[in-house]
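Right, one structure below, let's go through it.
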Amino acid sequence: MRLHPRHSWTVTPEEAVAIQKRLRAEIVSQPLDLDAVRLVAGVDVSVKENESQAAVVVATYPGFEPVETVLARAPTPFPYVPGLLSFREGPVLEEAFARLQSEPDVFLVDGMGTAHPRRMGIACHMGLWLERPTIGCGKTLLVGRFSDLPEERGAHVPLVHRGETIGAAVRTRARTNPMFISPGHLADIPSAVEMVMRCSPKWRLPEPIRLAHKAAGAFVPGGQASSPAPSS
DNA sequence: GCGACAG
DNA sequence: ATCTTGTCGC
């Protein structure tokens, strides 16, 4: 895919914060047309010692049959700092995105979108690079609070931070911990929640994220490669 | 000042 | 994120 970088990744934590504040103004919130989605991508990164491996798996929608898998590796360039995940995982993800042949209609990212202290989580950040719709899918809370959430699948309540609704706590599966969903770029909260529910017919993790997580975890020493899909 | 803190 | 077997519950 054609990428649209906005800055260098070689920055200090202070510069990273300043960059996020600047990029925040470029994020577009708008409904995502769910009925037009044909391809959905899952995005994840795994860290092994000082190396990071990114995985982007593109799958059909609905159906979630993998049609393209891209893996990329690079030295982990930045420490884990809550709020600055983009600067740790962004560089490898950029490599993976650059080699992507297909053009997914939406990307589900493992991490936050606007549910971030400066409303600029990694899903927002990558959305700008891709200039495509992105949705942040967090497994644990970074910021914000939410009230009682029913145990049934599909239940969802607003995630609020400093008086602002930044996303939603979503029960993608009955009686399991909720997922924290927030729009990245070119999406809004209602459509992001709906998309994630449609991508989670059975498990807590959305199907595209599950596929990407599996691919990223499969660290094969010499086996970095791009491929159509595993053949049965 | 103290606690919280995506992956 | 990562270190790791068995095990409780639907």
Side-chain angles (χ1 to χ4, degrees), chain A residues 9 13 16-17 19-20 23-24 27 42-57 71-94 96 107-128 134-146 150-155 159-162 164 166-185 187 189 192-193 196 200-206 208-219:
Chain A
W9 291 115
V17 169
I19 286 170
Q20 290 181 326
L23 295 181
R24 173 73 192 107
I27 297 301
V43 177
D44 189 33
V45 174
S46 69
V47 179
K48 286 277 190 297
E49 293 168 3
N50 293 316
E51 272 220 324
S52 289
Q53 174 157 295
V56 177
V57 177
L71 297 179
R73 279 188 188 187
T76 307
F78 203 85
Y80 170 69
V81 179
L84 299 181
L85 187 63
S86 299
F87 296 83
R88 180 175 171 83
E89 303 189 344
V92 227
L93 284 175
E94 183 177 281
F107 290 77
L108 300 197
V109 181
D110 195 332
M112 301 303 180
T114 57
H116 175 279
R118 289 169 292 281
R119 314 295 182 255
M120 196 59 210
I122 191 167
C124 297
H125 215 127
M126 294 300 98
L128 292 178
T134 53
I135 294 172
C137 305
K139 298 181 292 297
T140 61
L141 207 49
L142 174 58
V143 291
R145 298 181 23 160
F146 62 101
E151 295 291 328
E152 312 87 67
R153 191 189 102 87
L159 224 196
V160 179
H161 179 57
R162 298 185 183 177
E164 184 181 354
I166 57 177
V170 182
R171 197 82 75 181
T172 50
R173 182 176 187 175
R175 294 171 296 284
T176 62
N177 294 324
M179 289 293 295
F180 300 98
I181 306 305
S182 55
H185 187 40
I189 296 175
V193 169
V196 167
S200 314
K202 183 170 184 181
W203 307 104
R204 177 185 182 235
L205 278 298
I209 297 280
R210 284 167 43 90
L211 293 169
H213 193 69
K214 217 179 281 187
F219 246 92

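Note that the coordinates shown come from a computational prediction; the quantities given were computed from them, not determined experimentally. Side-chain atoms are counted along with the backbone in the values below, which use heavy atoms only and exclude waters and symmetry mates. Letters A, B, ... mirror the listed sequences (proteins, then strands); counts begin at 1.
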In DNA chain C, stems of three or more consecutive pairs, Watson-Crick or G-U, each with both distances under 3.5 Å, turn out to be none
Where is the tightest heavy-atom contact between A/D110 and A/I122, given as atom of each residue plus distance? O-CG2, 4.3 Å
Grab the two heavy atoms, one from A/L108 and one from A/C137, that are nearest each other, plus how far apart they are. CB-SG, 4.1 Å
Criterion side chain to side chain contact (heavy atoms under 4.5 Å, CB included) against A/L211, the qualifying member of A/V56, A/V57, A/L205: A/V57
Report, as a single string ordered 5' to 3', how protein heavy atoms within less than 4.0 Å touch nucleotides 1-7 of chain B: B base, S sugar-phosphate only, - not at all. ----BBB
Test: A/K214 and A/D44 ion pair at under 4.0 Å: no
Stems for DNA chain B (at least 3 consecutive Watson-Crick or G-U pairs, under 3.5 Å) come to none
Figure out the CG/P separation between A/N177 and C/dC10, and round it to whole Å. 15 Å
Considering residues at least two apart in sequence or located in another chain, which fulfil the side chain to side chain donor-acceptor pair (under 3.5 Å) criterion with A/S86? A/H125
Can you check whether A/A216's main-chain N or O pairs, donor with acceptor, with A/S46's side chain at less than 3.5 Å? yes
In whole Å, what is the span from the CD atom of A/E151 to the C1' atom of C/dC10? 13 Å
Using side chain to side chain donor-acceptor pair (under 3.5 Å) as the criterion, list what pairs up with A/R118, not counting sequence neighbours. A/Q20
Which residues pass the side chain to side chain donor-acceptor pair (under 3.5 Å) test with A/W9, not counting sequence neighbours? A/E94
Side chain of A/R153, backbone of A/A174: donor and acceptor closer than 3.5 Å? no
Check whether any side-chain N or O of A/R171 sits under 3.5 Å from a backbone N or O of A/P150 as a donor-acceptor pair, and report yes or no. yes
